[in-house]
Amino acid sequence: MRIVLGIWMVVVVILALLVSPPLLGLGDAGRIFYFHVPCAWVSFFAYAVAAYCGARYLLSRRADWDCKSAAASQIGLLFTVLATASGAVWAEAAWGQWWNWDPRETAVFIVLLVYGAYFALRMSIEQPEQRAAISAAYALIAIVPAIFLIYVAPRLVESLHPSPVLPGGEEKGSIEPFIRNVLFASLAGFTGLFVWMWRIQTRIERIALGKDAQL
Amino acid sequence: MKGTLRGAWIVFLKDARSEFRTRYALSAILLFAVASVALAGFVLRGAMLDERQAAAVVWLIVFFAAATGLARPFVQEAESGTELLLRQAARPEAVWLGKFAFSLGLMAAIELIVFPLFGAFLGVDVRRPGWLAAVAAAGAVSLSGATTILAAMVAKARARSSVFAVAALPVLLPPLVLLVEASGPAFGVSVGAGQPREALLAVMSYSGILIVLSWFLFPGVWEE
């Protein structure tokens, strides 16, 4: 899997940086689109996985689901940071400012705070079963503001941010086929990257849990 | 269902009596609310707040006043060691409902103090009191609904008060922003037709989803 993923990502990087035409009227800076959109997608996907694993933990009380949920949240947080940073680069190129308090920019930043709070809460509980149950419940609660902030809030207020280009977005079909194909290749690659990182992080969580149990 | 409602009523009465004896949460919240409004009035003296700024300041004060006391119903059980007893005496649903009703009462008290004081100290006119009452009611349900389960979670943590504020703020930010948006007409903001109503509906939907989710998740948190 690692080798296929590595080759896939190299091809995506070459297509995005060297083959694809400059896009969105931003020249070469616009190429960050191929990395910003997948980072945002993976962060939300990771939070959905964290919520699902949290629900499975609450139903089964198997510690492995807690490890998977915590691992997904950690990777989600990392990709949210990357989406925020790459969004700031895009904002600077498009609007001349790194940060504009645009509803979508702000929404992603609040999602960052929501999952920062998840770890503050998780780290403040010592007993492993309590920590797992409460983290699982918080992961399920946190998905509500995440959905609201990412999908609902930007539609309620005016935004500088381009409309979503993913399925369901208003501008579906307005994007050139080659650019769309590279974007989907990048989305697939980043999703694979998430799965790979998630498996490693889950193993780390299991080891940490074993150490916790020994203490 | 009847048993749950009766249990919830008993939990609510227990908390209300305990609060009446100690007046811990209420006095802390009310003092914080009065001090915050007075501070805002002092810092902003002479400044002409526009209606949106007025709505933002008043809801921030309400939020932080709530953050000082809304964790209390569960933190008190943990600190006094009565959690186990309550777990034996009442079903989780009854505990959640009783604590939610108690938090709602605290929120109503906060709003009844903050809104009139804010108007008086900062000279802000309320143009549509009926609309403000509707938005305040939605705000009370929203804030207490979301914080009830968070308080139950935080009661099991170390450094409870700081963790509560950290955990509650990001979850409550969306309704807070919408409440500011919805409060506009009450303070005289002329916005596009339907926008505050949409914001109020969004607050109610958001709170409704969180309350239903909390209802289902609470037994898992409480019985752990």
Side-chain angles (χ1 to χ4, degrees), chain A residues 47 51 54-61 63 65-66 77 80 101 103 106-158, chain B residues 78 83 145-178 180-182 191-192 194-203 205-214 216-224:
Chain A
Y47 296 141
R56 292 296 301 264
Y57 175 80
L58 289 174
L59 291 171
S60 68
R61 301 283 164 167
W65 286 112
D66 174 55
L77 195 65
T80 312
W101 292 108
T106 313
V108 171
F109 180 67
I110 299 172
V111 170
L112 201 64
L113 295 180
V114 170
Y115 284 89
Y118 168 90
F119 288 105
L121 185 62
R122 188 175 171 84
M123 284 187 291
S124 67
I125 301 168
E126 286 174 15
Q127 214 263 330
E129 286 81 18
Q130 271 188 357
R131 183 171 59 215
I134 288 167
S135 302
Y138 193 88
L140 280 160
I141 296 263
I143 201 75
V144 178
I147 292 172
F148 181 85
L149 288 162
I150 293 169
Y151 289 104
V152 183
R155 287 170 172 82
L156 285 177
V157 275
E158 280 180 27
Chain B
E83 217 176 20
T147 52
T148 303
I149 192 162
L150 292 175
M153 292 175 179
V154 164
K156 298 180 195 301
R158 290 171 294 176
R160 294 172 182 123
S161 54
S162 53
V163 173
F164 180 71
V166 168
L169 181 59
V171 176
L172 293 178
L173 262 171
L176 272 179
V177 172
L178 291 166
V180 171
E181 200 73 30
V191 285
Q195 204 179 341
R197 190 164 295 195
E198 274 178 20
L200 187 62
L201 285 175
V203 171
S205 325
Y206 183 88
S207 318
I209 294 167
L210 272 188
I211 287 171
V212 171
L213 197 58
S214 302
F216 286 108
L217 291 176
F218 183 74
V221 171
W222 178 241
E223 284 168 352
E224 189 49 60

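Naming: A, B, ... by sequence-line order, numbering from 1 per chain.
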Could you tell me which portion of A:Ile110 (side chain, backbone, both or neither) has an atom closer than 4.5 angstrom to a non-hydrogen atom of chain B?
both
Parallel, tilted or perpendicular: which one describes the rings of A:Tyr115 and A:Tyr118, with boundaries at 30° and 60°?
tilted
Looking at chain B, which one of A:Val114, A:Val111, A:Leu149, A:Leu112 has the largest number of heavy-atom pairs inside 4.5 Å, strictly under?
A:Val114
Chain A contacts, top residue of B:Leu172, B:Val171, B:Leu150 (heavy-atom pairs, under 4.5 Å):
B:Val171
Would A:Arg122 and A:Asp66 pass as an ion pair if we require N to O under 4.0 Å?
yes
Proximity breakdown for A:Ile141 and chain B, heavy-atom pairs closer than 4.5 Å:
both
Leading residue by heavy atom contact count with chain B [cutoff under 4.5 Å; candidates A:Gln127, A:Glu129, A:Met123]
A:Glu129
So what's closer than 4.5 Å to chain A heavy atoms on B:Val163: side chain, backbone, both or neither?
side chain
Which bit of A:Arg61 comes within less than 4.5 Å of chain B, counting heavy atoms only: side chain, backbone, both or neither?
side chain
Any Lys/Arg nitrogen of B:Lys156 or A:Glu126 sitting under 4.0 Å from an Asp/Glu carboxylate oxygen of the other?
no
Rounded to the nearest 0.5 angstrom, the OG1-CZ distance for B:Thr148 and B:Phe218 is 8.5 Å
Contacting moiety of B:Ile149, where chain A heavy atoms sit under 4.5 Å:
side chain
Mind running side-chain hydrogen bond (donor to acceptor under 3.5 Å, both in side chains) on A:Tyr57 and A:Ser135 for me, showing each step along the way?
CA-CA 10 Å; A:Tyr57 175 80; A:Ser135 302; over 6 Å; no
Drop me the distance from A:Ile143's CD1 to B:Leu213's CG, to the nearest 0.5 angstrom.
10.5 Å
